[in-house]
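A quick write-up on the structure given underneath.
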Amino acid sequence: MVKHQPLQVYERQLCLSCITGIYGCRWKRYQRSHDDTTKWELLWSVILLFTFSLLLIWSYFWWEADNDYNEFNWFLYNRSGEWTDGTVPILATTAAGFTYIAFLMVLALCHVALGQQLNLHWLHKIGVTAALLTTVIGIISVTQTWEQEWDVIPISFQATGPFLHVGALAAATALSWIVAGQVARAEKTSTTFYTLILRLYVLPLYLTSPCITDPSTLKPRPEVFGHQGAPMLAPENTLWSFQRALQMNVSGLEADVAISVDGVPFLMHDLTLRRTTDVGKVFPDREKDKASQFNWTDLQQLNAGQWFLKDDPFWTVNTMTLREKNLTAKQSVCSLEQLLSLASYHNSTVVFRLRRPPPEHPCYATWINDTLQAVQKSGVPQSLVMWTPDDERAQVTRSAPGFIQTSLEKHSPEHLHRLGISRLLLRYNQASAREIAEYSRNNISLTVYTVNEPWLYSVLWCSGVSAVSSEAPHILKKVPYPVWLMSPNEYCLMWVSADLLSFAVVIGIFILQKYRMSGMRSYNPEQIMLSAAVRTSSRDVNVMKEKLIFSGEILCSWL
């Protein structure tokens with residue numbers, strides 16, 4: 001009696017050997033196994049998928065947060081006291097981790113597509129665990145120290161949403177080949193996949209973007225204010241920085257103002273002078289003192305430009321000419337009066353954030369009057385000054401009725417009108433598109449900060465903001481029109497076309513996979529063995545397809 005007992009099939013296939021070798025460290029002659037994946041390995045597959053999804057969100061966050069890298073570095077400086085570009089190690093580790101996890105995901109999908117066991121090697125399990133824990137710690141850290149930056153994700157969706165939808169459709173359509181193969185093998189339906197792809201088809205119903213509008217309704221290009229001048233091209237809050245900003249055709253200048261002990265308003269962003277001056281060299285015993293504890297004579301002795309050449313905070317020093325480097329190296333602390341005189345000469349609007357000195361400061365009670373005197377002494381027209389402090393605003397209005405009264409706090413248009421305020425200065429995440437439109441209808445001009453990236457500038461332009469404050473006026477200067485603008489009809493056509501194309505491809509893939517699997521099931525072991533024997537005479541057979549096994553009893557009787 002002869003028994004036909006199919007052995008496990010051994011194949012010499014380099015591609016499959018590499019896939020299983022890299023994923024599970026099975027480098028020997030490839031063994032095609034049709035056993036189901038164990039529950040333990042399925043759990044690790046779920047962990048791998050979760051880590052990939054988390055890293056995808058983390059990577060997307062840092063990709064869109066590039067508008068605020070300088071803000072992040074400043075947060076780190078306030079905590080460590082040392083200026084470093086903290087985004088470099090974060091971006092490097094994020095890119096490495098995402099590439100590694102994405103590669104494992106591709107290998108896992110290849111295993112599923114080929115109907116093979118998922119057997120992740122223990123070294124990869126350690127790597128996945130490390131990537132997961134690192135990402136979770138990073139998310140928690142950002143939430144605790146920089147929570148407001150998470151708002152960049154919904155804002156960025158307004159610029160990338162329509163294109164992410166198309167990308168997600170393409171990914172789901174490609175994955176349908178694997179899903180269809182699994183469905184055909186198991187002869188079952190995949191409700192989860194059907195639900196997912198149907199939701200993708202209708203997702204644009206929930207996507208909104210101010211850039212999806214009739215181009216004829218687009219408002220004028222927002223004005224650009226130089227935030228601390230042009231700090232990517234010259235040391236911040238110096239005359240050379242503001243001159244560089246004016247060379248980029250900015251409409252206004254924005255600065256941070258402190259008060260010296262002898263009542264002179266001067267430009268300084270930090271509470272101390274350590275980061276942007278050589279105070280440690282000139283006054284080593286006063287290095288950690290607050291900037292407002294120095295008098296104007298002492299402040300004029302400090303150099304405010306050499307740090308820029310040394311630290312290169314924006315990696316732009318190598319683009320500067322020798323003349324620009326010499327000018328940068330000679331910069332000193334700038335007074336408010338000097339800034340206003342420069343703005344007056346160029347007929348440029350000035351907005352400054354006035355920081356009140358501490359209670360023990362000699363000018364604690366007179367800081368508003370000291371600032372008003374500096375403004376009047378500079379000779380700048382009142383119509384060019386955007387006044388932001390809320391303290392004694394009524395008195396300021398009587399003394400200088402021509403000032404553009406500006407608020408740093410978000411209030412309703414009615415409340416702002418009652419206070420005589422006609423302008424708002426807010427961070428870009430503090431006003432939604434609906435609120436921006438409401439302010440515009442009520443004749444409240446809105447200026448948002450800090451806007452450095454063209455995509456963000458385009459979204460705010462389409463939303464209807466009046467002006468933006470930017471550290472990169474040289475970049476926004478090159479944006480004469482929104483990065484993209486699409487009418488609702490054009491977007492609807494793109495959306496429906498992508499859905500129909502995806503639907504047709506998915507249906508075709510499911511039909512093809514069902515046909516392939518039904519054809520494979522029509523062969524039995526004897527047919528495979530006989531067809532292999534016929535081909536033996538025409539080529540070398542390196543693959544053992546099947547083998548007839550005689551039972552032990554018959555073999556012994558023959559001998």
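Sequence positions, counted from 1, serve as the residue numbers for this chain.
Using the six-membered ring where Trp is involved, Y100 and H124 have ring planes that are tilted, between 30° and 60° apart.
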**Q.** side chain to side chain contact (heavy atoms under 4.5 Å, CB included) evaluation trace for L54 with W58
**A.** CA-CA 6 Å; L54 207 60; W58 181 246; over 6 Å; no
Q. For L118 and V112, what are the C-alpha separation, side-chain angles and deciding distance, and is it a side chain to side chain contact (heavy atoms under 4.5 Å, CB included)?
A. CA-CA 8 Å; L118 290 170; V112 174; 4.3 Å; yes
Q: Give the intermediate values and the outcome of side chain to side chain contact (heavy atoms under 4.5 Å, CB included) for residues L425 and R353.
A: CA-CA 10 Å; L425 179 63; R353 302 160 182 262; 4.0 Å; yes
(Q) Quick one, S487 with N489, criterion side-chain hydrogen bond (donor to acceptor under 3.5 Å, both in side chains). Give me CA distance, side-chain angles, the key distance, then yes/no. (A) CA-CA 5 Å; S487 69; N489 290 336; 5.4 Å; no
Q: Would you sort out whether S156 and W455 count as a side-chain hydrogen bond (donor to acceptor under 3.5 Å, both in side chains), showing the intermediate values?
A: CA-CA 8 Å; S156 67; W455 72 263; over 6 Å; no
Q. Stepwise, does the side chain to side chain contact (heavy atoms under 4.5 Å, CB included) test hold for N73 with T87?
A. CA-CA 7 Å; N73 290 333; T87 61; 3.9 Å; yes
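Put simply, the side chain of L109 reaches to within 4.5 Å of the side chain of I178, judged on heavy atoms. Side-chain contact check for Y77 versus D270: some heavy-atom pair is nearer than 4.5 Å. In this structure the side chain of E71 never reaches within 4.5 angstrom of the side chain of T450, judged on heavy atoms. Contact check for T134 versus T93: no side-chain heavy atoms found under the 4.5 Å cut-off. In this structure the side chain of F308 never reaches within 4.5 angstrom of the side chain of S241, judged on heavy atoms. Side-chain contact between T208 and R434: absent, with no pair of heavy atoms (C-beta onward) separated by less than 4.5 Å. Residues F52 and L48 are not in side-chain contact: their nearest non-hydrogen atoms beyond the backbone lie 4.5 Å or more apart. Between L446 and S440 there is no side-chain heavy-atom pair separated by less than 4.5 Å.
For the atom pair OG1 of T272 and NZ of K288, the computed distance is 10.0 Å after rounding to the nearest 0.5 Å. One finds the OG1 atom of T388 at 9.0 Å from the CD atom of E254 (value rounded to the nearest 0.5 Å). Here the OH-CG distance, from Y515 to L512, works out to 9.0 Å after rounding to the nearest 0.5 Å.
Note on residues 42-53: no pairs pass side chain to side chain donor-acceptor pair (under 3.5 Å), not counting sequence neighbours. Each salt bridge (Lys or Arg N to Asp or Glu O under 4.0 Å) pair with one or both residues in residues 116-125, not counting sequence neighbours, appears once here: E41-K125.
Ring centroids of W484 and Y491 are separated by 6.0 Å or more, keeping the two rings apart. A centroid separation of less than 6.0 Å is found between the aromatic rings of F157 and Y60.
Defined by atom type and a distance below 3.5 Å, a donor-acceptor pair is present between the side-chain atoms of S502 and Y201.
Side-chain N or O atoms of Y428 include none that pairs as donor or acceptor with a backbone N or O of V468 at under 3.5 Å.
In this structure, the side chain to side chain donor-acceptor pair (under 3.5 Å) partners of N70, at least two apart in sequence or on a different chain, are E471.
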